[in-house]
Amino acid sequence: MADHQEIDALGQDFDLSTPAGYGAFLMAHAAVLPGLEDAVSHGPVPPDWPMRLRSQDLAADLFGMGLALPAQTAALDLPSAGMRIGALYVLEGSRLGGAVLRRRVQAAQPGAPCAFLAHGAEARLWPSFVGWLDSLVLDEEELDKAAHGARSVFSVFYETLRSWRPKRLEGAQGA
């Protein structure tokens with residue numbers, strides 16, 4: 001919970017009502033999401049994993065704003081199934097705020113690309129993820145690894161969001 005609150009607090013630094021703030025927010029996510037999706041794809045993953053991937057929508061939104069993908073992306077080392085499950089929990093949970101953020105962006109910037117924030121909105125992906133998660137049988141060691149994986153992902157997001165505050169965006173425009 002504390003990790004999530006830190007991320008939310010840091011997210012307030014991004015003014016989603018402006019192209020610069022929203023662009024920086026998307027760039028920060030693009031610096032983490034592709035590597036995270038790749039790392040967790042080594043399993044276990046829900047059977048509908050391919051439809052859960054959001055990197056292409058994120059790249060399309062950046063392109064729609066005239067931004068290129070960041071040159072550097074975060075490296076994530078998730079060597080155990082438990083760590084990947086914990087990371088996946090954070091990844092899937094991040095969708096929950098997407099609808100709220102999308103409404104905020106669209107109210108301030110009608111027509112702004114929001115495929116990333118809208119991804120899976122109609123598919124009820126969170127309830128199906130929780131059902132899949134509940135079907136897993138994890139021993140105490142794997143549960144500890146899952147918690148470690150979740151904390152690792154929160155840490156990577158925190159550092160990346162911190163480094164992509166809007167001041168960093170100036171050099172990325174039109175890249």
Side-chain angles (χ1 to χ4, degrees), residues 1-14 16 24-59 61-62 69-70 72-102 104 114-165 168:
M1 182 62 117
D3 291 333
H4 189 264
Q5 290 171 338
E6 282 184 348
I7 297 293
D8 284 349
L10 186 57
Q12 299 302 313
D13 288 348
F14 294 83
L16 302 183
F25 172 84
L26 292 176
M27 292 291 281
H29 282 79
V32 176
L33 188 66
L36 179 55
E37 286 181 343
D38 182 57
V40 299
S41 70
H42 299 289
V45 294
D48 61 353
W49 175 242
M51 76 176 280
R52 293 174 178 274
L53 300 172
R54 295 181 277 172
S55 290
Q56 287 185 340
D57 287 339
L58 181 52
D61 287 351
L62 286 169
L69 289 169
Q72 289 187 306
T73 58
L76 290 126
D77 184 27
L78 303 169
S80 73
M83 287 184 74
R84 291 187 294 273
I85 290 167
L88 188 56
Y89 180 85
V90 174
L91 180 62
E92 287 299 305
S94 71
R95 291 178 195 282
L96 299 175
V100 173
L101 298 177
R102 185 179 77 232
R104 191 180 312 161
C114 290
F116 168 64
L117 294 175
H119 186 271
E122 304 301 320
R124 298 184 37 82
L125 293 174
W126 179 251
S128 67
F129 173 74
V130 171
W132 172 80
L133 192 61
D134 286 343
S135 75
L136 299 177
V137 178
L138 301 175
D139 62 24
E140 200 64 36
E141 182 180 342
E142 284 301 304
L143 288 172
D144 288 343
K145 289 178 182 178
H148 180 69
R151 284 190 300 275
S152 295
V153 170
F154 274 120
S155 178
V156 168
F157 267 112
Y158 182 84
E159 291 304 319
T160 304
L161 285 168
R162 214 176 94 213
S163 71
W164 273 102
R165 288 179 186 158
R168 287 274 316 266

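Numbers for residues simply follow the sequence, beginning at 1.
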Task: With E141 via side-chain hydrogen bond (donor to acceptor under 3.5 Å, both in side chains) - residues at least two apart - done: K145
With a cut-off of 3.5 Å and sequence neighbours excluded, list every side-chain donor-acceptor pair involving residues 125-134.
{"unit_1": "S128", "atom_1": "OG", "unit_2": "R52", "atom_2": "NH2", "d": "2.7"}
{"unit_1": "S128", "atom_1": "OG", "unit_2": "L125", "atom_2": "O", "d": "3.1"}

- [ ] For the residue pair L96 and S94, establish whether any side-chain heavy-atom pair is separated by less than 4.5 Å.
- [x] no
Open item on the list: Nearest 0.5 Å, please: how far is CG in L16 from CZ in R104?
Closed with: 5.5 Å
- [ ] State, to 0.1 Å, how close S55 and E37 come at their nearest heavy-atom pair, and which atoms those are.
- [x] OG-OE1, 2.6 Å
Open item on the list: Is there a side-chain contact between S80 and I85 in this structure, where contact means two heavy atoms from C-beta onward sitting under 4.5 Å apart?
Closed with: no
Open item on the list: Minimum heavy-atom separation for E142 and A81, please, with both atom names.
Closed with: OE1-C, 3.7 Å
Open item on the list: If you compare all heavy atoms of L76 against all heavy atoms of G35, which two are closest, and at what distance to 0.1 Å?
Closed with: CD1-C, 3.8 Å
Task: Shortest non-hydrogen separation from P70 to A30 and the atoms involved - done: CD-CB, 3.6 Å
Task: Beyond-backbone contact of L88 with W49, side-chain heavy atoms, under 4.5 angstrom - done: yes
Open item on the list: Measuring only between side-chain heavy atoms, which start at C-beta, is L58 closer than 4.5 Å to R54?
Closed with: no
Open item on the list: Show the nearest heavy-atom pair for residues A28 and T160, with the distance to one decimal.
Closed with: O-CG2, 3.3 Å
TODO: Please tell me if the side chains of D144 and H148 come closer than 4.5 Å, counting only heavy atoms from C-beta onward.
DONE: no
Task: Rounded distance [0.5 Å steps], CZ in F14 versus CG in L161 - done: 5.0 Å
Task: Atom pair CZ/CG of F157 and L33 - distance to nearest 0.5 Å - done: 6.0 Å
Open item on the list: To the closest 0.5 Å, what do you measure between CG (L143) and CG (L138)?
Closed with: 5.0 Å
Open item on the list: With a 4.5 Å cut-off on side-chain heavy atoms, are L78 and V40 touching?
Closed with: yes
Open item on the list: As an exercise, state the distance from CG of L53 to OG of S41, rounded to the nearest 0.5 Å.
Closed with: 8.0 Å
Task: Distance (rounded to the nearest 0.5 Å) between D61 CG and Q56 CD - done: 12.0 Å
Open item on the list: Does either side chain, that of H42 or that of R84, offer a donor lying less than 3.5 Å from an acceptor on the other one?
Closed with: no
Open item on the list: Show the nearest heavy-atom pair for residues A74 and V32, with the distance to one decimal.
Closed with: CB-CG2, 4.2 Å
